[in-house]
A.B. asks: 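I have a structure I would like to understand better, so I am pasting it below and will then ask my questions one at a time.
First the proteins, then the strands, lettered A, B, ... as listed; each starts at 1.
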Amino acid sequence: MYNFEVEKPGTLAEATAAMAGEDAQALGGGQTLIPTLKQRLASPAKLVSLSGVAEMQGISKDGDALRIGGATTHGAVAADGNYPALSALAAQIGDPAVRNRGTIGGSLANNDPAACYPAAALGSGATIITTNREIAADDYFQGMFDTALDEGEIVTAVSFPIPQAANYQKFVQPASRFALVGVFLAKYADGIRVAVTGASNEGVFRWAEAEAALGDDFSASALDGLSVPADNMISDLHGPAAYRAHLVKVMTGRAVTAAG
Amino acid sequence: MTKVTMTVNGKAVSGDVEGRTLLSSFLREDQGLTGTHVGCDTSQCGACVVHVDGAAVKACTMLAAEADGANVDTIEGQSNADGSLNVIQQAFQDHHGLQCGFCTPGMVMSAAALLKDNPKPSETEVREYLEGNICRCTGYHNIVKAIMAASGQDVTAIAAE
Ligand SMILES: Cc1cc2nc3c(=O)[nH]c(=O)nc-3n(C[C@H](O)[C@H](O)[C@H](O)COP(=O)(O)OP(=O)(O)OC[C@H]3O[C@@H](n4cnc5c(N)ncnc54)[C@H](O)[C@@H]3O)c2cc1C
Ligand code: FES
Ligand code: FES
């Protein structure tokens with residue numbers, strides 16, 4: 001690791017001010033960033049640790065939505081239970097030690113193409129709340145490791161509308177235990193959302209055909225006639241593109257059955 | 001350099017660290033507590049698990065500066081007051097839960113965190129909890145058995161596979 005300074009603001013105002021410094025970078029749980037720094041793939045002058053920012057901690061019900069502070073750990077979300085499918089997803093991220101540090105804001109800012117939270121945020125039509133604005137999940141994810149966040153912008157909270165039913169199906173990549181393919185499905189009064197992670201070179205995406213078919217008939221058999229094109233799927237030693245495309249349909253079917 | 005102060009195994013300690021100093025380096029190199037092992041240094045193996053304010057974390061994936069003011073527990077603090085092995089450590093010995101011993105500090109610290117929250121875990125729960133702790137020697141079976149035994153459960157039915 002190249003050396004850097006560490007700043008530990010206690011409030012959002014202090015964090016925003018610290019992030020304005022040259023080459024400053026946010027530090028969430030460090031479960032992605034510290035390994036990245038060890039490989040010298042980043043060389044910030046200053047890390048702004050968000051774990052002490054009071055406004056970014058905690059989970060609260062806000063009408064029909066669940067608001068999760070950006071520095072809330074995966075472990076805290078797993079233990080919450082107000083949005084059971086979301087808690088179940090958080091409980092499947094990494095291992096207990098990773099979940100005790102890693103945060104929802106860090107995961108969404110990073111937007112790893114195989115990460116779990118992007119599927120939940122897109123699949124729930126969540127709102128990403130930052131230091132500057134509110135961004136709809138449909139506008140937030142912009143491809144592998146790319147988001148709508150500007151330089152220095154911090155994810156302060158995420159608001160999830162709580163669905164009538166939902167489920168996350170994760171087919172784990174056997175080495176990293178990230179999603180080889182993960183499907184998050186949620187059923188709302190105004191329709192079904194299906195978001196897929198792990199599969200595409202474009203990062204997390206919505207499977208519109210499945211959403212329409214399931215809107216007419218909420219059963220796994222509604223997917224029978226559909227297929228996912230393999231063109232833009234990830235191909236690697238863990239599975240070729242056609243395999244991932246196939247898994248998208250299989251995991252979506254399982255999610256429908258499990259959501260009931 | 002910045003000064004950090006924390007409580008390690010009940011004792012107040014302090015030291016000067018760089019921003020990039022890992023908690024694992026601070027414990028091992030500044031404090032001489034080499035029981036916290038660094039197996040991978042890439043957040044995978046769990047040999048470096050310690051407790052920070054009661055929660056299991058990978059000490060190779062946390063900055064020492066972030067543990068400023070925290071309560072840190074390491075394997076060195078696990079034995080009983082008279083220096084004898086605590087119930088988890090003793091169970092690892094009784095059930096042959098270690099061979100080379102490299103993973104053992106992390107295994108014991110993870111087991112302690114699990115049993116604090118879940119005093120009578122099922123075998124499946126133990127295996128799930130150890131997802132981030134890798135052992136190259138034992139095949140895990142006797143580690144799981146030791147943790148089940150440490151929780152006071154009868155392990156005679158858990159035969160070696
Ligand atoms: C062994 C292991 C297994 C894992 N398994 C999984 C898995 O199965 N599924 C999965 O989804 N993830 C997995 N992860 C990744 C884990 O979820 C990380 O916690 C997460 O990707 C990053 O969150 P963090 O808080 O640690 O962020 P950090 O590592 O601190 O930061 C990541 C990036 O986000 C930026 N950032 C951090 N917080 C914010 C914020 N609030 N606002 C704006 N930018 C911010 C940082 O500057 C950095 O660029 C795993 C990690 C490890 C080490
Ligand atoms: S040394 Fe920390 S996880 Fe391997
Ligand atoms: S006993 Fe050798 S690595 Fe576990």
Side-chain angles (χ1 to χ4, degrees), chain A residues 1-10 23-53 71 73-76 78-79 88 91-103 106 170 172 174-178, chain B residues 1-4 17-26 36 38 40-70 106-107 109-118 121 125-134:
Chain A
M1 267 189 280
Y2 297 110
N3 202 14
F4 44 78
E5 275 175 59
V6 179
E7 201 156 325
K8 299 207 294 176
D23 281 337
Q25 187 170 358
L27 173 66
Q31 302 302 291
T32 295
L33 184 53
I34 292 176
T36 307
L37 293 169
K38 286 181 180 177
Q39 294 181 65
R40 296 191 164 180
L41 294 173
S43 52
K46 177 166 74 180
L47 290 188
V48 180
S49 168
L50 301 172
S51 55
V53 177
T73 62
H74 309 329
Q92 292 175 57
I93 297 177
D95 56 60
V98 167
R99 294 195 288 274
N100 281 336
R101 296 291 304 161
T103 67
K170 179 182 183 182
V172 291
S176 73
R177 322 291 291 177
F178 274 68
Chain B
M1 301 285 253
T2 30
K3 190 178 158 102
V4 293
V17 299
E18 290 185 324
R20 64 179 162 185
T21 304
L22 298 168
L23 179 58
S24 51
S25 316
F26 178 74
T36 298
V38 176
C40 65
D41 208 22
T42 56
S43 323
Q44 315 288 319
C45 77
C48 65
V49 168
V50 300
H51 300 179
V52 174
D53 292 330
V57 307
K58 291 174 174 172
C60 78
T61 314
M62 177 168 180
L63 301 174
E66 285 192 291
D68 189 28
M107 289 289 180
M109 296 310 289
S110 282
L114 167 65
L115 296 184
K116 184 162 58 71
D117 291 342
N118 185 356
E125 287 171 332
V126 173
R127 289 185 186 276
E128 275 176 9
Y129 200 87
L130 296 182
E131 161 121 23
N133 291 84
I134 294 174

A.B. asks: Hey, does the side chain of A:K8 reach the backbone of B:A65 with a donor-acceptor pair shorter than 3.5 angstrom?
C.D. replies: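 Yes: the side chain of A:K8 pairs with the backbone of B:A65.
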A.B. asks: What's the spacing between A:Q31 CD and B:K58 NZ if we round to 0.5 Å?
C.D. replies: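 The CD atom of A:Q31 sits 7.0 Å away from the NZ atom of B:K58.
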A.B. asks: Rounded to the nearest 0.5 Å, what separates atom CG in A:L47 from atom CZ in B:R20?
C.D. replies: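 Reported to 0.5 Å precision, the distance equals 12.5 Å.
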A.B. asks: Looking at chain B, which one of A:Q39, A:R177, A:K46 has the largest number of heavy-atom pairs inside 4.5 Å, strictly under?
C.D. replies: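 Maximum pair count with chain B is reached by A:R177.
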A.B. asks: What distance do A:K38 atom NZ and B:S43 atom OG have between them, rounded to the nearest 0.5 Å?
C.D. replies: 5.0 Å
A.B. asks: Using non-hydrogen atoms only, which part of B:L63 is less than 4.5 Å away from chain A: side chain, backbone, both, or neither?
C.D. replies: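 Both the backbone and the side chain of B:L63 come within 4.5 Å of chain A.
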A.B. asks: Among B:V49, B:T42, B:D68, which has the most heavy-atom pairs under 4.5 Å with chain A?
C.D. replies: B:D68
A.B. asks: Write down the atom of A:G28, the atom of B:E66, and the distance for their closest heavy-atom approach.
C.D. replies: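 In this case the closest contact between A:G28 and B:E66 is O-OE2, 4.2 Å.
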A.B. asks: For A:N100 and B:V57, indicate whether the former's side chain and the latter's backbone hold a donor-acceptor pair under 3.5 Å.
C.D. replies: no
A.B. asks: Looking at chain B, which one of A:L27, A:L33, A:V98, A:L37 has the largest number of heavy-atom pairs inside 4.5 Å, strictly under?
C.D. replies: A:L27
A.B. asks: Is the shortest side-chain N to carboxylate O distance from B:E131 to A:R99 below 4.0 Å?
C.D. replies: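 Salt bridge absent between B:E131 and A:R99.
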A.B. asks: Which atoms of B:D41 come close to chain A, meaning under 4.5 Å heavy atom to heavy atom: side chain ones, backbone ones, both, or neither?
C.D. replies: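 For B:D41, heavy atoms of backbone and side chain both lie under 4.5 Å from chain A.
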A.B. asks: Taking the side chain as every heavy atom from C-beta outward, state whether A:D95 and B:N133 have any atom pair closer than 4.5 Å.
C.D. replies: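 Counting from C-beta outward, A:D95 and B:N133 never come under 4.5 Å.
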